[in-house]
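I have placed the structure first, in the form of structure tokens, so that the comments after it can refer back to it.
Letters A, B, ... are given to chains in the order of the sequence lines, protein chains preceding strands, and every chain is numbered from 1.
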Protein chains: 4
Amino acid sequence: MTTELKNKSPQKEKMLENASTLFWKKGYSATSMRDIAKVCKCKPANIYNFFHNKEEILFECLYTQNKRLLEKIKHFEDDRITKPSEQLREFIIIHLSHVLRYSKTSRLLFDTGLERLSRNNRRKVINDRDAYDRILAGIIQRGIESKDFSEIDAKLVTRNIASMIVRTVIWYSPKGQLSINDIAEFIYNFSLNGLSKERKK
Amino acid sequence: MTTELKNKSPQKEKMLENASTLFWKKGYSATSMRDIAKVCKCKPANIYNFFHNKEEILFECLYTQNKRLLEKIKHFEDDRITKPSEQLREFIIIHLSHVLRYSKTSRLLFDTGLERLSRNNRRKVINDRDAYDRILAGIIQRGIESKDFSEIDAKLVTRNIASMIVRTVIWYSPKGQLSINDIAEFIYNFSLNGLSKERKK
Amino acid sequence: MTTELKNKSPQKEKMLENASTLFWKKGYSATSMRDIAKVCKCKPANIYNFFHNKEEILFECLYTQNKRLLEKIKHFEDDRITKPSEQLREFIIIHLSHVLRYSKTSRLLFDTGLERLSRNNRRKVINDRDAYDRILAGIIQRGIESKDFSEIDAKLVTRNIASMIVRTVIWYSPKGQLSINDIAEFIYNFSLNGLSKERKK
Amino acid sequence: MTTELKNKSPQKEKMLENASTLFWKKGYSATSMRDIAKVCKCKPANIYNFFHNKEEILFECLYTQNKRLLEKIKHFEDDRITKPSEQLREFIIIHLSHVLRYSKTSRLLFDTGLERLSRNNRRKVINDRDAYDRILAGIIQRGIESKDFSEIDAKLVTRNIASMIVRTVIWYSPKGQLSINDIAEFIYNFSLNGLSKERKK
DNA sequence: TATGAATGAGAGTTCATTCAT
DNA sequence: CATGAATGAACTCTCATTCAT
């Protein structure tokens with residue numbers, strides 16, 4: 001799987017990156033093949049030597065991003081040793097770093113409409129999203145079972161934590177006062193207390 | 001202002017609603033004037049009897065939605081009597097209901113790229129978003145001052161709560177097991193505990 | 001049916017005519033929408049106000065031509081009074097005149113590949129071709145029954161006579177020595193002898 | 001000349017055949033170099049190792065076909081011994097067999113627009129067509145002179161006989177009831193009567 | 001208020017072709 | 001021989017928009 005991600009030619013890789021940035025900045029529909037070509041310093045026709053069509057570019061953007069993130073978090077799936085709260089902490093840091101580091105390209109993962117994708121490709125992307133959900137929900141679930149977290153709807157928590165992380169890209173600025181770590185720490189604490197057994201009286 | 005919202009002809013109103021739905025479903029760029037016309041059962045040229053151009057439609061969609069929401073929450077701005085936690089509760093219910101009730105049209109408010117808007121219109125939309133932020137942040141701030149909430153970055157909380165609310169449109173289904181109230185209650189509790197003074201030791 | 005053919009706007013009519021000429025001269029594929037537009041003295045986009053796509057133009061060309069010809073020959077279908085040989089004579093004159101008069105547009109009827117047409121439209125064109133075949137074959141058949149013509153495969157004769165008529169467009173020149181009537185007369189005589197009962201010993 | 005036809009590498013030969021089939025099926029313009037390459041199981045660029053450009057492929061298709069046919073009929077040119085009617089009979093059989101045997105590729109000879117060819121190549125093809133006409137017209141002419149055929153316009157007969165033969169490709173089906181010989185015989189008889197001195201009274 | 005016709009611009013895509021490898 | 005990458009031109013078609021009616 002790792003290899004699969006690296007098997008692309010550097011040119012194709014670069015094209016994907018450029019397209020991803022544009023998709024994020026202007027949206028998929030508003031980004032034209034000519035736009036992408038201009039950034040790639042080549043002619044539109046040449047892009048078709050690497051991709052069959054525009055949709056395929058979108059798909060590969062999404063797919064690559066998904067796989068990169070999953071690669072980083074998949075070890076949580078079977079981790080029954082580390083304390084769940086610690087796992088949650090790391091998870092948030094990893095995802096947030098991922099989101100904000102690649103900020104210009106990674107929003108796609110969660111927010112891009114998938115309607116444009118072919119049935120087949122849509123399925124693949126959804127599978128990855130499900131994998132993400134499963135991993136985070138797993139952490140929460142194990143925290144509940146170990147009494148570290150309160151009895152709470154694991155799926156709902158998953159969704160809300162993901163919402164907080166993902167939407168940081170909308171307002172985060174690297175030049176702002178808050179570092180990525182600051183924000184991660186904040187979301188972690190905010191979530192953790194929300195999850196803590198000891199509630200306010 | 002209230003009047004301003006109602007002064008539109010019913011036809012124009014209907015067009016806005018149709019356009020809004022399409023913008024939500026397919027995105028602004030991917031929605032053509034033809035698309036809008038078809039849903040309105042008229043010809044594209046006719047739309048120009050009501051709007052100067054496509055951007056104006058987008059703007060009026062955003063503007064109307066914003067105003068409608070602000071209308072519902074502006075009383076929190078000066079409310080120094082109701083308990084902050086109670087205000088937060090109500091706020092979440094109101095916004096979430098608004099978002100999910102109008103679900104097909106309201107996502108625009110928070111997620112649409114504003115790049116397409118003219119300088120002037122963009123400012124107006126941003127003003128409304130700021131007003132929203134200010135109102136929610138005000139509630140938080142007063143909660144902190146009254147020691148109901150812990151010392152915490154009010155702006156960050158604001159953003160994260162808004163993130164949770166807004167992104168429900170992505171996964172919420174009216175046919176699902178959770179009612180809008182269930183979800184509101186969840187987000188409220190989740191946030192409140194995250195805000196509680198008494199943390200777990 | 002006649003009315004149906006005239007119900008088109010004069011502009012659309014003109015476009016069809018122009019397109020037809022181009023299709024004949026350069027072939028369907030080699031004729032671009034730009035080509036058609038240029039001859040119509042309008043911009044390509046405008047053509048789409050009258051036709052959904054290029055294929056529809058081709059179809060309407062074929063369809064109109066077919067109907068025009070069928071209109072002229074359909075009375076032979078039930079004519080059991082006129083002598084078959086006389087019918088054949090008239091038939092050849094009519095079809096040949098049609099072919100060579102509209103020469104620049106009418107070759108399409110018989111020789112254009114129909115692969116480009118949609119299933120539905122292809123069917124319609126084929127129906128018309130069959131109608132043509134049926135009418136001519138009917139004349140032959142009645143000639144055989146009345147002993148005017150020899151016992152001969154009516155279908156084969158039909159095809160071969162049609163071949164002679166249709167392919168005149170390839171070599172006929174209005175400036176040449178032979179008039180349309182000359183050619184018609186020739187084909188008639190040639191066919192008539194081919195059909196005559198009295199063969200050479 | 002014979003050698004010239006065989007001097008091609010088998011690959012080039014195969015390419016010509018494939019291209020010919022495609023040209024016939026879809027037409028010259030609608031056939032792309034990609035199409036040809038795909039059938040040849042190679043990449044488009046490779047074709048340029050064998051041909052300078054697309055037009056050259058078309059030309060060589062036409063040229064080869066022409067030569068093959070002329071090869072088979074050129075002996076009629078000087079044949080003053082065999083009876084003209086017998087020559088005509090053989091001629092029809094040869095050409096029809098050629099046309100229907102190679103059916104998928106041979107229509108090109110007579111019906112392809114030559115506009116796409118360069119001045120030079122066009123001339124060559126036309127020369128071959130003229131040679132064909134000359135040979136057939138020669139047979140007719142000699143038949144008239146020998147009083148086997150009636151006084152008739154030899155050129156017109158030539159064209160019409162050729163029309164009948166060539167257009168069989170449009171409706172002939174190898175699975176049909178009529179064999180190639182049946183059809184040849186029919187056209188021969190039909191023509192012969194058309195040419196016969198003894199007309200019906 | 002509604003629309004048919006018109007248009008310049010640009011969409012995604014394919015074209016035939018070249019060239020270095 | 002074969003091909004991946006590159007390109008300028010052209011493709012069909014849609015875009016938002018205008019305007020006379």
*List for me each residue that meets ring pair (Phe, Tyr, Trp, His ring centres under 6.0 Å) alongside C/F59, sequence neighbours excluded, and say none if there are none.*
C/Y63
*Cation-pi check, C/K54 onto C/F23 ring (under 6.0 Å, within 45° of axis)*: no
*asked:* Test: salt bridge (charged side-chain N to carboxylate O under 4.0 Å, His left out). Region: residues 28-43 of chain D. Which pairs qualify, not counting sequence neighbours?
replied: D/K26-D/D35
_B/N18: partners by side-chain contact (heavy atoms from CB on, under 4.5 Å), with sequence neighbours left out_ = B/K14, B/V39, B/C40
*First and last nucleotide of DNA chain F, 5' to 3', lying under 4.0 Å from heavy atoms of chain C*: F/dC11 to F/dT14
_Axis-to-axis angle between the two ends of the helix from E/dA2-F/dT21 to E/dT21-F/dA2 (five base pairs per end, rounded to 10 degrees)_ = 0°
*Rounded to the nearest Å, what distance is computed from the CE atom of residue A/M33 to the P atom of nucleotide E/dT13?*
6 Å
*Answer whether the closest heavy-atom distance between the side chains of A/Q65 and A/R68 falls below 4.5 Å.*
yes
*Between B/Q11 (CD) and E/dT3 (C1'), how many Å, whole number?*
14 Å
*Looking at residues at least two apart in the chain, or sitting in another chain, which of them share a side-chain contact (heavy atoms from CB on, under 4.5 Å) with C/R123?*
C/N127
*asked:* Using the side chain to side chain donor-acceptor pair (under 3.5 Å) criterion, which residues pair with D/N53? Sequence neighbours excluded.
replied: none
_Applying a 4.0 Å non-hydrogen cut-off, can you work out what A/S29 is touching in the nucleic acid: base, sugar-phosphate, or nothing?_
nothing
*asked:* Run the side chain to side chain donor-acceptor pair (under 3.5 Å) test against D/N49 and tell me which residues pass, sequence neighbours left out.
replied: D/N46
*Residue pair B/C42 / B/M15, side-chain heavy-atom distance below 4.5 Å*: yes
*Output all residues satisfying side chain to side chain donor-acceptor pair (under 3.5 Å) with C/E55, sequence neighbours left out; order by chain, then residue number.*
C/N121
*Send over the distance from B/F50 CZ to E/dT1 C1', rounded to a whole Å.*
7 Å
*Residue-level proximity of residues 34-49 of chain B to DNA chain F when a heavy atom falls under 4.0 Å*: B/R34, B/A45, B/Y48
*If you look at every heavy atom in D/M33 and D/I57, which pair is closest and at what distance?*
CE-CD1, 4.0 Å
*Does C/M15 or A/H52 map to a spot on DNA chain E nearer the 5' end, using the closest nucleotide for each?*
C/M15
*To the nearest angstrom, how far is A/L22 atom CG from E/dA11 atom P?*
12 Å
